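Everything below concerns the one structure shown next.
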Number of protein chains: 2
Amino acid sequence: MSDPGLACCTPLSGTAMSAEQAEQVAPLLKALADPVRLRLVSLIGSSASGEACVCDLNDAFELTQATISHHLKVLHSAGLLDREKRGVWVYYSVRPAALAAIAGLFDTTALAPA
Amino acid sequence: MSDPGLACCTPLSGTAMSAEQAEQVAPLLKALADPVRLRLVSLIGSSASGEACVCDLNDAFELTQATISHHLKVLHSAGLLDREKRGVWVYYSVRPAALAAIAGLFDTTALAPA
DNA sequence: TTCAGACATCGACGTCCGTCGATGTCCTCA
DNA sequence: TGAGGACATCGACGGACGTCGATGTCTGAA
């Protein structure tokens with residue numbers, strides 16, 4: 001590391017994201033950082049009823065039912081999707097609050113230069 | 001998969017994210033889906049000058065210089081950071097367009113129900 | 001020309017992740 | 001009660017990821 005007291009450049013100023021905050025938000029991004037899961041959330045969120053059952057989601061991908069179920073579990077565990085069982089079928093819906101939390105990350109007040 | 005023609009629920013409607021679009025955006029989210037990289041972008045973006053040199057970033061973490069350099073390379077390769085060498089020091093700055101692309105993902109028109 | 005420092009790269013290690021086939025659990029209907 | 005379907009879980013496999021110490025490359029100063 002560099003010697004203290006020898007400032008090579010302007011010190012990092014202002015209030016950046018704390019380590020705890022980063023540890024809290026990163027899992028949300030990690031859950032979305034997969035093409036399949038991104039499409040899953042998009043499919044569910046863009047459906048007319050705001051929800052989708054697993055059977056339809058399975059048909060939208062060339063993947064095993066076990067894999068889709070795994071991805072849905074990851075999204076649900078991260079708090080991005082709600083899960084509701086109705087009869088034989090299971091319906092997933094997007095949690096708007098979770099998405100809003102991520103959207104807040106990219107507000108001008110958080111990251112953009114000004 | 002389920003039999004076609006047997007609709008158990010409302011079909012997925014509207015224009016969701018395409019597979020190509022998902023494959024294109026996921027790497028951006030994956031680059032940010034790490035607490036260290038999230039803090040790096042935040043530190044750089046929140047600095048007064050809008051940029052930061054590696055020596056200062058090293059001091060902000062309890063990690064090896066090699067590890068920080070690796071994370072910066074990931075962010076730069078993803079197109080999230082710009083890199084400029086000035087003398088002995090290297091300065092990284094945030095690419096606003098990349099962040100805006102991600103922010104667009106979470107607009108109400110893209111994912112939110114309404 | 002030589003030296004010291006800033007940063008990148010390399011090779012290695014343990015761990016996590018995406019995917020699969022097989023199997024289990026729960027619900028509905030006959 | 002039994003059968004069949006929808007979905008979850010399990011165990012396994014190959015590949016990617018985060019981190020490190022060691023080393024390489026480049027720059028400015030003596």
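Because only heavy atoms are used, hydrogens play no part in the values below, and waters and symmetry mates are left out as well, while side chains stay in. Within every chain, numbering begins at 1; the chains are lettered A, B, ... in the order of the sequence lines, protein sequences first and strands thereafter. Everything quoted here is computed from the prediction, not taken from an experiment.
We find that CG of A/Asp59 is positioned 14 Å from C1' of D/dG5, with the value rounded to whole Å. Atom NE2 of A/His70 is separated from atom P of C/dC16 by 14 Å (rounded to the nearest Å). Distance B/Ile68 CD1 to D/dG18 P: 12 Å, rounded to the nearest Å. Per the geometry, NZ belonging to B/Lys85 stands 10 Å off P belonging to C/dT9, to the nearest Å. Going from atom CG of A/Asn58 over to atom C1' of C/dG21 covers 15 Å, rounded to whole Å. When the P atom of C/dC17 is taken as reference, atom CG of A/Leu29 falls 14 Å away, rounded to whole Å. For A/Leu32 and C/dC17, the CG to P distance is 15 Å, given to the nearest whole Å. For B/Leu72 and C/dT9, the CG to P distance is 11 Å, given to the nearest whole Å.
A distance-only check finds no donor-acceptor pair linking the side chain of A/Ser42 to the backbone of A/Leu38 [under 3.5 Å]. With A/Thr64 contributing its side chain and A/Thr67 its backbone, the two residues share no donor-acceptor pair below 3.5 Å. Judged by distance alone, with hydrogens and angles left aside, the side-chain atoms of A/Ser69 form no donor-acceptor pair with the main-chain N or O of A/Gln65 at under 3.5 Å. The backbone N or O of B/Ile44 sits less than 3.5 Å from a side-chain atom of B/Ser47, completing a donor-acceptor pair.
The phosphate of D/dT19 (OP1 or OP2) has no side-chain N or O of B/Thr67 nearer than 4.0 angstrom. Taking 4.0 angstrom as the limit, A/Tyr91 places none of its side-chain polar atoms (N or O) nearer than this to OP1 or OP2 of D/dA6. OP1 or OP2 of D/dA8 has at least one side-chain nitrogen or oxygen of A/Tyr92 nearer than 4.0 Å. Side-chain nitrogen and oxygen atoms of B/Lys73 include none within less than 4.0 Å of the OP1 or OP2 phosphate oxygen of C/dA8. The side chain of A/Arg83 places an N or O atom within less than 4.0 Å of a non-bridging phosphate oxygen (OP1 or OP2) of D/dA8. The phosphate of C/dT19 (OP1 or OP2) has a side-chain N or O of A/His71 nearer than 4.0 angstrom. Note on B/Thr64: a side-chain N or O is less than 4.0 Å away from OP1 or OP2 of D/dC20.
Candidate nucleotides C/dA6, D/dT9, D/dT19 were compared by shortest atom distance to the side chain of B/Val88, and C/dA6 ranks first. Residue B/Val90 has its side chain nearest to C/dC7 when only D/dC7, C/dC7, D/dG18 are considered.
Both A/Arg37 and B/Ala66 sit near DNA chain C, but only B/Ala66 has its closest nucleotide nearer the 5' end. Residue order along DNA chain C, read from the 5' end via each residue's closest nucleotide, puts A/Lys30 first among A/Lys30 and A/Gly87.
A/Phe61 is not listed as a side-chain neighbour of A/His71, based on a closest heavy-atom distance of 4.5 Å or more.
The environment of CD in A/Gln24 is sparse: at most 12 heavy-atom neighbours from other residues, nucleotides or ligands sit within 6.0 Å.
With hydrogens and angles ignored, a donor-acceptor pair closer than 3.5 Å exists between the side chain of B/Gln65 and the base of C/dA8.
Within 4.0 Å of A/Arg86, counting heavy atoms only, lies no atom of the nucleic acid at all.
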